[in-house]
Amino acid sequence: MGIPAAFRWLSNKYPKIVSPVVEELPLTMEDGTIIPVDATRPNPNGEEFDNLYLDMNGIVHPCSHPEDKPAPEDEEEMMIEIFKYTERVVNMVRPRKLLMIAVDGVAPRAKMNQQRSRRFRAAQEAKEKEEDKEKLLVMLKQQNGGVLKAESTEAVIKKAFDSNSITPGTPFMDILAASLRYWCAYKLNTDPAWAKMKVIISDATVPGEGEHKIMNFVRSQRNSPEHDPNTRHVIYGLDADLIMLGLATHEPHFRVLREDVFFQDSKARMCKLCGQKGHDASSCRGETKEKDGEHDEKDKPQFLKPFIWLHVSIFREYLAVELNVPGLPFKFDLERAIDDWVFMCFFVGNDFLPHLPALEIREGGIDTLIGIWKDNLPQMGGYVTKDGHVDLERAQFILAGLAKQEDAIFRKRKEVDERREAGFKRRKLQQERENGRNNYRPSDRPAVPALPAGITHDMVVNRKATDDSSVANKSAASVLRAQIQGLKAETANPSDSSEPSGEQTSPASALGKRKAELLEEDNASTPASASDTEAAEEEAGDSVRLWEEGYQDRYYQQKFHVDPSDIEFRHKVARAYVEGLAWVLMYYFQGCPSWEWFYPYHYAPFAADFVDLGKMTINFEKGRISRPFEQLMSVLPAASRHAIPEIYHELMTKEDSEIIDFYPEDFEIDLNGKKMAWQGIALLPFIDMPRLLDAMEPKTKLLSADDARRNSPGKDVLLLSDGHPTLYDHITVQFYSKKAGQSSFELDPKESDGLSGRVEKIENYLPHGSLAYPLERSAFPDVDYDRSLSVHYHMPASSHTHKSMLLRGVELSKPALDRSDIELLKRGGQNSGRGGGYRGGSFRGNGR
Amino acid sequence: MTYRFPTQSNLYRGESEPVKRPKEFACFSYDEQHQYHIGDRSMKWYYTPALGADLSQGYEDFIKHDDSIDEHLDSLLTTIVHHEKETKKPIDANIVTWRGMMTKIMAVPFDNRDGFEMNATLYRGAIFIEENNEYKKASKEAQQNWRSAIPQDVMQYWGYKFETLSTIPRPWGETSRDYIENRDSHVTNNKEQYCSVVRTGIGKSIICIGGEVDAIWDSKPNPTYVELKTSANPTSGRDEENFHRKLMKWWIQSFLLGVPKIIVGFRSPDGILTKVEEIKTMTIPHMVKSMGKAHWDGDVCINFAGAFLEWLRQTITTEGVWRIRSAPKSNFIEVFQVEQV
Ligand SMILES: [Mg+2]
């Protein structure tokens, strides 16, 4: 969601939404044989699940450029890692009816701006990292008297995988699609737990973000009268907003499954320079690892990060308490209230708009809004949203309520900041005195502060919080640089090297950064070191000074370069922002309302700038869906051009390219009052689509057939095995028997175990053939007789608005909250929202 | 010549033979003006009603079907004829009737307070049974005599109102939020009906029954139908006995058409909807037994109906009109010919 810290905030405030996953693992016998998990057996979590949805990018990223283990050698190894990880997740959930694998396809324009920013930064960091490696090589050389062993350089020089390849239309995504199709077919052939399961693969050729393709699917099924209202859904993914999406389906039996982000394996240390385990960058000697016997260490059983559940059903219970407003002049409807809550979360952060300056999740921004909402609900005469549509007049109430608090929020933020800063400096001095030296070492940092009183995430999951998160304060490159500094120091003073060094998992990629954002909130505002702070503050040059009068004038002047007297401009920005809120709401609740709309500014307006919203009308045009190469050209920097057909390269590199301005080598990052580079705003020029398309058009004609194929939109694929006899037979008879007729038909949900939609014959595909492993090294076998069947799948289209309602026949789980949970929540809510805008506990929770 | 068939429940004890699930082979609708149409145009989907609704609301605007007019078996026969034309095959039933007649027959071992009278005709090898309208009118007038705080008509309206509150004209996915949320202000009209015509077997007899279906849960083919009922919140022991009796009626009605779900709207004494519960038809006989002091037994109902229909087929062997009658509180059903061809 781009709500940094959303998970931590949620699981602190609503502790019971989290519980650990009970996982059965394959058994390794004494003789080395491995007994795989038998997923046909009852789920060890004590409950069975029907459908599992994989937001696949949450698997592809960590498997292709892991943070806690050596990077895979090549793409084939990445695919194997992806298979392994996927298998592990599937075995945890054991879906009995359906597995949907959704890879991000081309995104709406509104999302591309964020992707562009992430990818440009990833490339910039990669560049810095390469430079650092070179420095290391030079140093190693000096150390060894000018000579460098070949194998020393091998490890250091190996070029890192460019995570920017994980974008639709790249050769990497093509390999991924083929690999996933193979693997699912292989599993359908070999794993009895898959026999009755239907698999839908929506690869990167199918437009839409993975999680939103999943949401479209869930909504499409809900609209079918054959949908079982008590379907148990699980979605796996890394984004914090999956729980919001879960709420937005109004399917109460919904869980989010993810790795426990707050769990850090202290043993898993890995060098960021050579990618090997057992030491960190500061003690890297650039030596190739010793081979451990015949096999690599990678074959050893690895420590597996535990997983957690996030229960939407329990979250709904909390929200029922939290959002309840007694004495309303209209009927309280929890489903509508939940939608309003999700809507308000968008104000605090989403992937499509910068968050409002006054709202920070760590400062209890959501509570502030809930307070305003509850105060205004009776007068508003109804909910702010309805089935994905915003009532703008009522939205004005909320923003006006926030505007009243805005000045106070900024002043308070400054006060708290200063207090924390003072405390930090005091402690720092103290430490320096104690240590008698000025060497910064991570272990000197204070441990993660205590969380607010009450049950915490960690108590629930029963684990200890660790303090690695603090590293996330620094960008990957700066961590490296710091480590190289450390290396210099250590080479000068070798006796030091035996000391335990602070192992660090630094965000090495855009994804790592996402993760860092999740970890950050405990001490994000606590700079890693005093010198960093000072530097950052200087750099930030926060001359807007939100805490001082006249900040609006300064903000618009400095950020938008607009004259302070131009009040109409502010309203224009606010209107664009409201359009954005309406867009996001639609996107979450109905599906993408416009593929072309985007928020055209780098900064958000102030709450006070929203006026007369009731007079606005908002309409979205569906617009044109980008082709994969258009998206690649929109989001990738020139450094990642290897992922784009060569024919386009000169558009990104040649000085006289008519769109060279889209691909700046250097770009400014505005910290915008924040302290960490990655928290800042990358001031990249927005892509002008008509110009881009004009420039690309003559080249597109010249694409090779294979490239042209990668550039065209694809369809979802449904796979099933002959262990699902009724459906399997029906499809084969329809498509492949002598009386085969039409090439597509509507599924009968009573025959397909509830699945609605249309299946279509895949051209040139014949069942009962053989299944070939699509990669080189035959890590998986070919299957002579393929018992699986593949068809295209089309979700049932509905011309009707999806309604935020529970379905008839739904049976809610028995309550998980008891009276004390409810009391605790109510007490926590008392000082929320109204007044200063800070929730009492959340800052004190930092223990500073 | 009058033939008699005993109805005492103890004669029919014992586990009943498994009954095949009734299968719908045709359907028809009455529109809002009670005009007949083949097909399911008046079929409604069930969607949860909002609690707290006043079931009396809109009574003044109730569009009420005049059920004093004898409609005979007309619509059922039209539908069967239509089906036979389409399939070019006569139906194979031994008995053809409305669900209401079969319900009275099946319930008689345990409930014969009001008695009943029906007319039967043998035609093409099948016995067609319909209500004797004269008798129905007379007994209805007798019932009007007792008075309660809330007029009978209003209480009857509650049941129809509950249907209005609980149904939508298209599946949920195709119905607007506005429609769903404003159901309480919709005019209730019981002229509009959807009827299912099924083939089923009881004992050795194949029967064809037509009956109104309140709502569908999912979709055709192979629909899950829903019967909608209202009931006072059970409070005293007397209420409970009444409720048991009601359950028997509900069970027989739903059993006969193969309706697997009954949705009960519980109401306060003054007609406020307080609770909605789903009951699986199949579980009712067992449920009643486990509640202790059972007042009826589903096996007996089935055994009795099987035996009676078999006997009836042996008895009515000539064409003309026959009377099937059971006097109130009597222990037998009488069958005699009233009209010869
Ligand atoms: Mg995604």
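Chain naming here is simple, since letters A, B, ... match the order of the sequence lines and numbering starts at 1 in each.
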Could you grab the distance from atom [atom1] of [X] to atom [atom2] of [Y], nearest 0.5 Å is fine?
X         : Y         : atom1 : atom2 : value
Trp172(B) : Leu806(A) : CH2   : CG    : 9.0 Å
Asn222(B) : Lys750(A) : CG    : NZ    : 5.5 Å
Glu174(B) : Thr801(A) : CD    : OG1   : 12.5 Å
Trp217(B) : Arg808(A) : CH2   : CZ    : 5.0 Å

Cut-off 4.5 Å, heavy atoms of chain A, and the answer for Ile216(B) is neither
With only heavy atoms counted, which part of [X] is less than 4.5 Å from chain B, the side chain, the backbone, both or neither?
X         : result
Arg219(A) : neither
Ser799(A) : neither
His227(A) : neither

Note to self: Given 3.5 Å as the limit, does a donor-acceptor pair link the side chain of Lys803(A) with the main chain of Ser176(B), or not?
What the structure shows: no
Can you tell me if Arg177(B) uses its side chain to pair, donor with acceptor, with the backbone of Met805(A) under 3.5 Å?
no
For [X], does the [atom1] atom sit with more than 12 other heavy atoms under 6.0 Å from it, leaving out its own atoms?
X         : atom1 : result
Gln734(A) : CD    : yes
Lys220(B) : NZ    : yes
Lys249(B) : NZ    : no
Lys289(B) : NZ    : yes
Lys23(B)  : NZ    : no

Of all heavy-atom pairs linking Asp218(B) and Glu226(A), the shortest is CB-OE2, 3.6 Å
Heavy-atom closest pair (Asn223(A) atom, Gly173(B) atom, distance to 0.1 Å) is OD1-CA, 3.3 Å
